Participant: 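This structure is in structure tokens; I'll ask about it shortly.
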Amino acid sequence: MSQVIPSPVSCASKEVIAEVEKQIREDLTHPRFLIEQVVSEISARHEYPIDRLGEFFNDKYAKLEDYEVDLVFSPLFTPNWEDQLRYAKLLGPAHLSVQDLKALVAKLENESLNATFQTQAAEVWRVPLHPVNLDRYVNRLMIDKPLSDFLQTSIEAHVPKDDQHAIYLLAKNPVWEGKPREVLLDQYLQAFSKNKSYTLDKVRFLTDFVRTYRPGTQADLLRQLKSLAKSCEADLNNVADQSFYDQQFKELYSDSERAHFKNLDVQNHYNYMMEMAEALLKEESTIETSV
């Protein structure tokens with residue numbers, strides 16, 4: 001894939017950078033619930049069970065190596081879609097330059113911010129924010145990812161105004177780098193616009209699909225979407241028939257309430273995948289005639 005060379009005019013202004021900095025500071029210091037995964041890691045790796053979390057934060061936390069902190073707390077400092085979207089709304093098609101991002105991170109590190117952790121039982125621990133947590137959060141926000149002029153033009157022409165910031169964020173994903181991938185995304189945005197069939201879910205699904213299956217051409221993408229729709233239908237029938245591949249799972253859960261709800265989750269997942277694949281396939285004729 002060809003490298004995207006950002007133009008200077010696409011870099012965020014000082015005013016926008018200040019808003020981004022303010023938002024990051026707020027996000028990093030708001031209280032975080034200690035989810036079960038984190039509590040289990042603290043217990044398994046450092047032998048501090050849930051009833052000794054206070055000792056862990058008072059005696060052990062400050063002595064942890066960078067990699068140990070990241071192993072335990074990464075789930076709490078990995079931004080999700082909603083987190084990234086807040087910054088996309090601030091930035092629009094712009095991004096932070098490498099220099100601006102480094103300066104922002106250095107400034108926040110020098111402020112000696114505190115992280116606040118709490119349990120469902122309302123126990124609270126306030127400890128220094130570890131630099132590795134700050135780095136993880138900031139570097140996964142995609143605020144330094146440039147958007148090509150080509151995709152910016154396409155988004156502004158074919159995506160509803162209220163959703164443009166979300167599509168800017170998706171289009172900055174590395175999966176869309178390089179002219180062939182840019183053209184592929186543009187073709188779908190054009191088709192959605194022409195057919196009045198645009199939804200944000202479709203573009204998110206398309207992005208995840210291209211990231212996973214890495215089609216080389218439009219023909220590859222269509223073939224893979226058709227294959228996905230067929231395999232989802234087959235797997236959906238297996239779930240409905242209780243045709244579990246794992247015999248132990250079938251014996252243990254086939255008649256239980258837990259299995260019933262698990263099956264519903266699986267069915268909903270397959271239905272969604274099949275619905276999205278079929279929705280993208282419906283755009284095939286429009287894309288073929290527009291190329």
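Please read these numbers as outputs of a predicted model, since none were measured by experiment. For the numbers below, each heavy atom of this structure counts, side chains included, while hydrogens, waters and symmetry mates do not. Residue numbers count from 1 along this sequence.
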Participant: Is the closest side-chain heavy-atom distance between H30 and T116 below 4.5 Å?
Facilitator: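 They are not in side-chain contact.
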Participant: Hey, does D144 have a side-chain heavy atom less than 4.5 Å from the side chain of V98?
Facilitator: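 With C-beta onward as the side chain, the pair stays apart.
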Participant: Treating Y168 as the side-chain partner and L91 as the backbone partner, does any N or O pair qualify as donor plus acceptor under 3.5 Å?
Facilitator: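 No; judged by distance alone, with no hydrogens or angles, the pair does not exist.
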Participant: Do K179's NZ or CZ and the ring of F150 fall within the cation-pi criteria of under 6.0 Å and 45°?
Facilitator: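 Judged by the rule, K179 and F150 form a cation-pi pair.
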Participant: Roughly how far apart are H158 NE2 and Q187 CD, rounded to 0.5 Å?
Facilitator: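 It is 11.0 Å, given to the nearest 0.5 Å.
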Participant: Could you give the distance from CG (L185) to CG (L170), rounded to the nearest 0.5 Å?
Facilitator: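 With rounding to 0.5 Å, CG (L185) is 8.5 Å from CG (L170).
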Participant: Could you tell me whether the side chain of W125 reaches within less than 4.5 Å of the side chain of Q118, counting heavy atoms only?
Facilitator: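 The answer is no; the side chains never approach within 4.5 Å.
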Participant: State whether the number of non-hydrogen atoms from other residues, nucleotides or ligands found under 6.0 Å of R126 atom CZ is greater than 12.
Facilitator: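 For R126, atom CZ is not crowded (no more than 12 foreign heavy atoms under 6.0 Å).
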Participant: Can you measure from CG (L281) to CG (L225) and round to the nearest 0.5 angstrom?
Facilitator: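 Going from the CG atom of L281 to the CG atom of L225 covers 5.0 Å.
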Participant: Test I143 against I24 for side-chain contact (heavy atoms from CB on, under 4.5 Å), laying out the working first.
Facilitator: CA-CA 11 Å; I143 57 178; I24 292 174; 4.2 Å; yes
Participant: Is there a side-chain contact between F205 and T199, using heavy atoms and a 4.5 Å cut-off?
Facilitator: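 No. Closest side-chain heavy atoms not under 4.5 Å.
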Participant: Might you work through the side-chain contact (heavy atoms from CB on, under 4.5 Å) test for Q152 and S10, ending with a clear yes or no?
Facilitator: CA-CA 10 Å; Q152 180 178 343; S10 64; 5.7 Å; no
Participant: Just by distance, with hydrogens left out, do D163 and Y198 show a side-chain donor and acceptor under 3.5 Å apart?
Facilitator: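 Yes, Y198 and D163 have a side-chain donor paired with an acceptor closer than 3.5 Å.
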Participant: Go through F57 and L34 one step at a time and tell me if the side-chain contact (heavy atoms from CB on, under 4.5 Å) criterion holds.
Facilitator: CA-CA 12 Å; F57 284 111; L34 292 172; 3.9 Å; yes
Participant: Check M142 against P174 and note the closest heavy-atom contact, atom names and distance.
Facilitator: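 Heavy-atom minimum between the residues: CE-CD, 4.5 Å.
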Participant: Which atom names give the shortest non-hydrogen contact between D27 and R32, and what distance separates them?
Facilitator: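 Shortest heavy-atom separation between D27 and R32 comes out as O-NH1, 2.9 Å.
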Participant: Extract all donor-acceptor atom pairs below 3.5 Å that involve side chains of residues 272-280 and protein atoms in other chains or at least two apart in sequence.
Facilitator:
none

Participant: Do L71 and V38 sit in the same hydrophobic cluster, where Ile, Leu, Val, Met, Phe, Trp and Tyr count as joined when their side-chain heavy atoms come under 4.5 Å apart?
Facilitator: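 Different clusters: L71 never reaches V38 through Ile, Leu, Val, Met, Phe, Trp or Tyr contacts under 4.5 Å.
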Participant: Which atom pairs, one a donor and one an acceptor, fall under 3.5 Å between side chains of residues 39-46 and the rest of the protein, sequence neighbours left out?
Facilitator:
unit_1	atom_1	unit_2	atom_2	d
S40	OG	E36	O	2.9
E41	OE1	R45	NE	2.4

Participant: Applying the 4.5 Å side-chain criterion to the ILVMFWY set and letting contacts propagate, would V127 and V132 be lumped into a single cluster?
Facilitator: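 Yes.
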Participant: State, without any angle test, whether Q267 and N271 hold a side-chain donor-acceptor pair at a distance under 3.5 Å.
Facilitator: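 No.
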Participant: In Å, rounded to the nearest 0.5 Å, how long is the span from NZ of K161 to CD1 of I155?
Facilitator: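 Going from the NZ atom of K161 to the CD1 atom of I155 covers 11.5 Å.
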Participant: Has the side chain of D70 got a donor or acceptor atom that lies under 3.5 Å from a matching backbone atom of D66?
Facilitator: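 No.
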Participant: For the CD1 atom on I50, are there more than 12 heavy atoms of other groups (residues, nucleotides or ligands in this structure) within a distance under 6.0 Å?
Facilitator: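 Counting other residues, nucleotides and ligands, CD1 of I50 stays at 12 neighbours or fewer.
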Participant: Measuring only between side-chain heavy atoms, which start at C-beta, is E156 closer than 4.5 Å to Q164?
Facilitator: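 In contact.
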Participant: Assigning hydrophobic clusters by single linkage (Ile, Leu, Val, Met, Phe, Trp, Tyr; side-chain heavy-atom cutoff under 4.5 Å), is I35 placed with L129?
Facilitator: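 Same cluster.
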Participant: Can you tell which of L206, T207, L200 makes a side chain to side chain contact (heavy atoms under 4.5 Å, CB included) with R204?
Facilitator: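 Per the side chain to side chain contact (heavy atoms under 4.5 Å, CB included) rule, the option paired with R204 is L200, out of L206, T207, L200.
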Participant: Between K145 and N173, is any pair of side-chain heavy atoms under 4.5 Å apart?
Facilitator: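 Result no, sub-4.5 Å side-chain heavy-atom pair not found.
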Participant: Mind telling me whether F77 and F117 have parallel, tilted or perpendicular rings, with 30° and 60° as the class edges?
Facilitator: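 Judged by the thresholds at 30° and 60°, the geometry between F117 and F77 is perpendicular.
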Participant: Taking the side chain as every heavy atom from C-beta outward, state whether Y213 and D220 have any pair of such atoms under 4.5 Å apart.
Facilitator: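 No, too far: nothing below the 4.5 Å cut-off.
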Participant: Take F73 and Y61 through the ring-ring contact (aromatic ring centres under 6.0 Å, His included) test and state the conclusion after the steps.
Facilitator: CA-CA 11 Å; F73 293 99; Y61 176 83; 5.8 Å; yes
Participant: Can S148 and E182 be said to form a side-chain contact (heavy atoms from CB on, under 4.5 Å), step by step?
Facilitator: CA-CA 9 Å; S148 73; E182 289 183 3; 3.2 Å; yes
Participant: Can you get from V203 to L222 by hopping between Ile, Leu, Val, Met, Phe, Trp and Tyr side chains that sit under 4.5 Å apart?
Facilitator: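 Yes: a chain of side-chain contacts under 4.5 Å links V203 to L222.
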Participant: Grab the two heavy atoms, one from R25 and one from T29, that are nearest each other, plus how far apart they are.
Facilitator: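 Looks like O-OG1, 2.8 Å.
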Participant: Give me the atom names and distance for the closest heavy-atom approach of P79 to L141.
Facilitator: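 Of all heavy-atom pairs spanning P79 and L141, the closest is CB-CD2, 3.7 Å.
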Participant: Measure the spacing between CG of L96 and CD1 of I17 and express it to the nearest 0.5 Å.
Facilitator: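 Reported value, rounded in 0.5 Å steps: 4.5 Å.
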Participant: Hey, does the side chain of K172 reach the backbone of A88 with a donor-acceptor pair shorter than 3.5 angstrom?
Facilitator: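 The answer is no, because no donor-acceptor pair under 3.5 Å joins these two groups.
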Participant: Show me the donor-acceptor pairs, under 3.5 Å and distance only, between side chains in residues 101-110 and residues at least two apart or in other chains.
Facilitator:
unit_1	atom_1	unit_2	atom_2	d
K107	NZ	E21	OE1	3.4
K107	NZ	E21	OE2	3.0
N110	ND2	A106	O	3.2

Participant: How far does NZ of K89 sit from CG of L169, to the nearest 0.5 angstrom?
Facilitator: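 With rounding to 0.5 Å, NZ (K89) is 11.0 Å from CG (L169).
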Participant: Is there a path from V159 to L147 through hydrophobic residues (I, L, V, M, F, W, Y) whose side chains come within less than 4.5 Å of each other?
Facilitator: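 Yes, same cluster.
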Participant: Is the shortest heavy-atom distance from the side chain of L221 to the side chain of Y188 under 4.5 Å?
Facilitator: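 Yes, their side chains come closer than 4.5 Å.
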